[in-house]
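Some notes on the structure that comes next.
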Amino acid sequence: MFASKAIRHAIADLLEAADIAVDTPARRLPVTILRSPPSGGWVKDDALPGIYMYLRREEIRPATMTRSARTITMDLILEARGADAEDQLDDMQLAVERTIAASANLGGLVMEIRPVDAEIHIERGSAIFGARRLSWSVRVEVPRSDPSL
């Protein structure tokens, strides 16, 4: 499987298996894990809180004469709605970071995976909406002749 695809699927599998949920004043809500970005880039209201991911960038450098080192920037987008949207985002980020850290190197799939950045967006209108983009650096090494994992 192509390296980027294998990484996306491994992360989605991890997050689904974690059964992430957030506490709200009304009740505990399960977090929807989407395997691909939603149309328009926003999780539908009935699926909030939700997380989706995409690979934003890939840097390819030679590691040896026959192997390439690939550093992939993967973004996880967390979205929530409600007066406690920011708390929901905090809880989701904590769960995501713990889940990925517990996997160490995605079961041997990658050489390194670490969070590198977070960007927060809050809208306050008739309903409060929050989104957070968590950027991760994922490093793999693959044969140049076959960039698959």
Side-chain angles (χ1 to χ4, degrees), residues 1-61 63 68-142 147-149:
M1 184 181 301
F2 185 58
S4 297
K5 181 178 179 181
I7 291 165
R8 275 188 300 107
H9 285 276
I11 295 290
D13 290 345
L14 263 180
L15 296 178
E16 284 177 348
D19 289 324
I20 299 170
V22 296
D23 291 318
T24 68
R27 66 185 197 280
R28 188 158 174 82
L29 294 173
V31 175
T32 304
I33 307 298
L34 297 149
R35 288 193 163 262
S36 59
S39 177
W42 300 106
V43 177
K44 293 182 180 176
D45 282 350
D46 62 351
L48 290 173
I51 299 173
Y52 66 90
M53 72 197 76
Y54 60 90
L55 302 180
R56 179 169 34 109
R57 182 175 188 274
E58 183 173 15
E59 180 181 328
I60 304 168
R61 292 187 173 180
S68 294
R70 292 176 178 244
T71 303
I72 297 163
T73 301
M74 176 186 70
D75 287 339
L76 273 75
I77 308 299
L78 290 57
E79 296 181 6
R81 182 175 303 283
D84 64 335
E86 199 164 4
D87 288 344
Q88 292 178 51
L89 295 172
D90 290 340
D91 292 347
M92 283 190 283
Q93 181 172 346
L94 177 61
V96 166
E97 288 195 33
R98 283 180 173 168
T99 299
I100 293 174
S103 74
N105 61 359
L106 296 181
L109 190 65
V110 303
M111 296 175 75
E112 179 184 41
I113 181 168
R114 61 186 175 83
V116 293
D117 189 25
E119 185 177 328
I120 300 161
H121 174 81
I122 301 288
E123 290 181 12
R124 298 186 188 281
S126 57
I128 297 173
F129 173 81
R132 187 170 296 174
R133 181 181 74 191
L134 300 176
S135 297
W136 294 75
S137 176
V138 184
R139 194 166 51 92
V140 299
E141 196 173 292
V142 295
S148 61
L149 297 175

Measuring from atom [atom1] of [X] to atom [atom2] of [Y], what distance do you get when rounded to the nearest 0.5 angstrom?
X	Y	atom1	atom2	result
L34	E16	CG	CD	9.5 Å
D13	R8	CG	CZ	11.5 Å
R57	S4	CZ	OG	12.5 Å
D45	F129	CG	CZ	8.5 Å
H9	L149	NE2	CG	12.0 Å
E97	W136	CD	CH2	5.0 Å

Run E58 and T71 through side-chain contact (heavy atoms from CB on, under 4.5 Å) and show every step you take.
CA-CA 6 Å; E58 183 173 15; T71 303; over 6 Å; no

Kindly determine whether V110 and R139 satisfy side-chain contact (heavy atoms from CB on, under 4.5 Å), including the steps that lead there.
CA-CA 6 Å; V110 303; R139 194 166 51 92; over 6 Å; no

Check against side-chain contact (heavy atoms from CB on, under 4.5 Å), L48 and T32:
CA-CA 7 Å; L48 290 173; T32 304; over 6 Å; no

Determine whether [X] and [Y] make a side-chain contact, defined as any pair of heavy atoms from C-beta on separated by less than 4.5 Å.
X	Y	answer
L29	D23	no
P38	K44	no
I51	M92	yes
N105	L109	no
V140	M111	no
Y52	S36	no
P49	Q88	yes

Checking [X] side chain against [Y] main chain: does a donor-acceptor pair fall under 3.5 Å?
X	Y	answer
D84	D87	no
T73	S137	no
E86	G130	no

Which pair of heavy atoms, one from [X] and one from [Y], lies closest together, and at what distance?
X	Y	answer
L134	A118	CD2-CB, 3.8 Å
I113	I11	CD1-CD1, 3.7 Å
P147	V142	CA-CG2, 3.7 Å

Within a radius of less than 6.0 Å around CZ of R98, do more than 12 heavy atoms belonging to other residues, nucleotides or ligands occur?
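Check fails, neighbour count at 12 or below.
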
Apply side-chain contact (heavy atoms from CB on, under 4.5 Å) to the pair V22 and R28, showing each step before the final yes or no.
CA-CA 6 Å; V22 296; R28 188 158 174 82; 5.9 Å; no

Donor-acceptor pair between H121 and E119 side chains, under 3.5 angstrom:
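No donor-acceptor contact under 3.5 Å links the two side chains.
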
R132 bridged to E79 by N-O distance under 4.0 Å:
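No.
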
side-chain hydrogen bond (donor to acceptor under 3.5 Å, both in side chains) partners of S135, counting only residues at least two apart:
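If we apply the side-chain hydrogen bond (donor to acceptor under 3.5 Å, both in side chains) test to S135, skipping adjacent residues, the hits are R56, D75.
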
